[in-house]
Amino acid sequence: MDAMRIKFSKANDQAKLKRIEIWMGRHVEVYSVSLPSGHSCPFARDCLSKAHRITGKITDGKHTDFRCFAASDEARSPNARAQRWHNFDVLRKLDFEEMVDVIYESVPEDADIIRVHVGGDFFNERYFRAWMHVASLIPSTLFYAYTKSIPYWVANLDAVPENFILTGSRGGRADALLDEYSLKV
């Protein structure tokens, strides 16, 4: 069954997340989940960079102004590449219901906060909707994501539950929608 689960990373040790515990007034368990950067980022433009699955060699897109920090991490770490590709391989072949089941079953039971995509992005609308549905099934967990997949967000504005905080990331091919829909940036 582990082959059909996605892999999360414990994120409590990140310095900027220490402030969350002060803000919340208690210890919280923070996790993140990632996909291979660039390969799963359909709307990336200014930061489009891809680390080769095997070698880690980075290829930048023709409009890249700055290299994606997560792709650089994948270039340095074979373990990060392997984990992110595992997640992508599992998820991209599933239909909506299967995605929901796999994501839901993979969420760590003690998760208070989950960052969706330190690396990667919502690679299709079905995947975006699956995350929104999973968040609605676990209302006690706070989910958040930075995304350039603005068209999927716009197409599903009513599906975003209160416990999922989305923040648009400029530098993508759909930036105009951020302003048109007054989305959080």
Is the shortest side-chain heavy-atom distance between K10 and P108 below 4.5 Å? no

Check whether Y127 and V134 end up in the same hydrophobic cluster, where Ile, Leu, Val, Met, Phe, Trp and Tyr are linked by side-chain heavy atoms less than 4.5 Å apart. yes

What distance separates T141 OG1 from I114 CD1, expressed to the nearest 0.5 Å? 5.5 Å

Can any side-chain N or O of H39 pair as donor or acceptor with the backbone N or O of H52 at less than 3.5 Å? no

Return the CG to OG distance between N124 and S40, rounded to the nearest 0.5 Å. 10.5 Å

At their closest point, which heavy atom of A174 faces which heavy atom of F43, and how far apart are they? CB-CD2, 4.3 Å

Run the salt-bridge test on D101 and R5 with the 4.0 Å N-O cut-off and return the result as yes or no. no

Per side chain to side chain donor-acceptor pair (under 3.5 Å), D89 is matched among H86, K93, R92 by R92

For the side chain of R173 and the backbone of P42, is there at least one donor-acceptor N/O pair under 3.5 Å apart? yes

For the residue pair V33 and N87, establish whether any side-chain heavy-atom pair is separated by less than 4.5 Å. yes

Counting C-beta onward and ignoring hydrogens, is there a side-chain heavy-atom pair between L94 and V100 closer than 4.5 Å? no

Side-chain heavy atoms of L91 within contact of I103, under 4.5 Å: yes

Is there a path of hydrophobic side-chain contacts, each under 4.5 Å between heavy atoms, that joins F69 and L48? no

How long is the span from the CG atom in L166 to the CH2 atom in W131, to the nearest 0.5 Å? 12.0 Å

Give a yes-or-no answer on whether the side chains of D60 and S49 include a donor-acceptor pair shorter than 3.5 Å. yes

Just do the ring pair (Phe, Tyr, Trp, His ring centres under 6.0 Å) check on F88 and F123 with the steps written out, would you? CA-CA 9 Å; F88 197 35; F123 59 88; 5.1 Å; yes

Donor-acceptor pair, distance only, cut-off 3.5 Å: does the side chain of T167 make one with the backbone of K184? no

What distance separates D175 CG from K148 NZ, expressed to the nearest 0.5 Å? 7.5 Å

Test side-chain contact (heavy atoms from CB on, under 4.5 Å) applied to L142 and V28, step by step: CA-CA 11 Å; L142 175 66; V28 293; over 6 Å; no

How far does OH of Y104 sit from NE2 of H133, to the nearest 0.5 angstrom? 10.0 Å

Would T147 and H117 count as a side-chain contact (heavy atoms from CB on, under 4.5 Å) here? Give the steps. CA-CA 8 Å; T147 184; H117 308 135; over 6 Å; no

Is there side-chain contact between Y181 and L157, with at least one heavy-atom pair below 4.5 Å? yes

Using a strict 4.0 Å threshold on nitrogen-to-oxygen distance, state whether D179 and R170 make a salt bridge. yes

Could you go through I138 and V107, starting from their C-alpha distance and side-chain angles, then the distance that decides it, and tell me whether this counts as side-chain contact (heavy atoms from CB on, under 4.5 Å)? CA-CA 10 Å; I138 314 172; V107 169; 4.1 Å; yes

F143 side chain near N163 side chain, heavy-atom distance below 4.5 Å: yes

If we ignore angles and hydrogens, is there a donor and acceptor under 3.5 Å between the side chains of D110 and Y31? yes

Within the distance-only criterion (no hydrogens, no angle test), does the side chain of S77 pair as donor or acceptor with the backbone N or O of D73 below 3.5 angstrom? no

Short side-chain to backbone donor-acceptor contact, R84 and E74, under 3.5 Å: no

Can you check whether K57's main-chain N or O pairs, donor with acceptor, with T55's side chain at less than 3.5 Å? yes

Between D112 and R26, is there a side-chain N and carboxylate O pair less than 4.0 Å apart? yes

I need the minimum non-hydrogen distance between S37 and A71, along with the two atoms involved. OG-N, 3.6 Å

Checking I165 against Y146 for the side-chain contact (heavy atoms from CB on, under 4.5 Å) test, could you report, in this order, the C-alpha distance in whole Å, the side-chain angles of both residues, the deciding distance, and whether it holds? CA-CA 9 Å; I165 300 169; Y146 299 92; over 6 Å; no

Between Q83 and S34: side-chain donor-acceptor atoms closer than 3.5 Å: no

Work out which heavy atom in R81 is nearest to a heavy atom in A75; give both atom names and the distance. NH1-O, 3.4 Å

Could you check whether R67 pairs with D46 (Lys NZ or Arg NE/NH1/NH2 to Asp/Glu carboxylate O, under 4.0 Å)? no

Y152 six-ring centre to R129 NZ/CZ under 6.0 Å and within 45° of normal: no

Side-chain donor/acceptor of E98 to backbone N/O of D95, under 3.5 Å: yes

Donor on one side chain, acceptor on other, T59 and K50, under 3.5 Å: no

V116 with W85, same ILVMFWY side-chain cluster at under 4.5 Å: yes

Approximate separation, where rounding is to 0.5 Å, of F8 CZ and S106 OG: 6.0 Å

So which heavy atom on A135 is nearest to which on P161, and how close? CB-CG, 3.7 Å

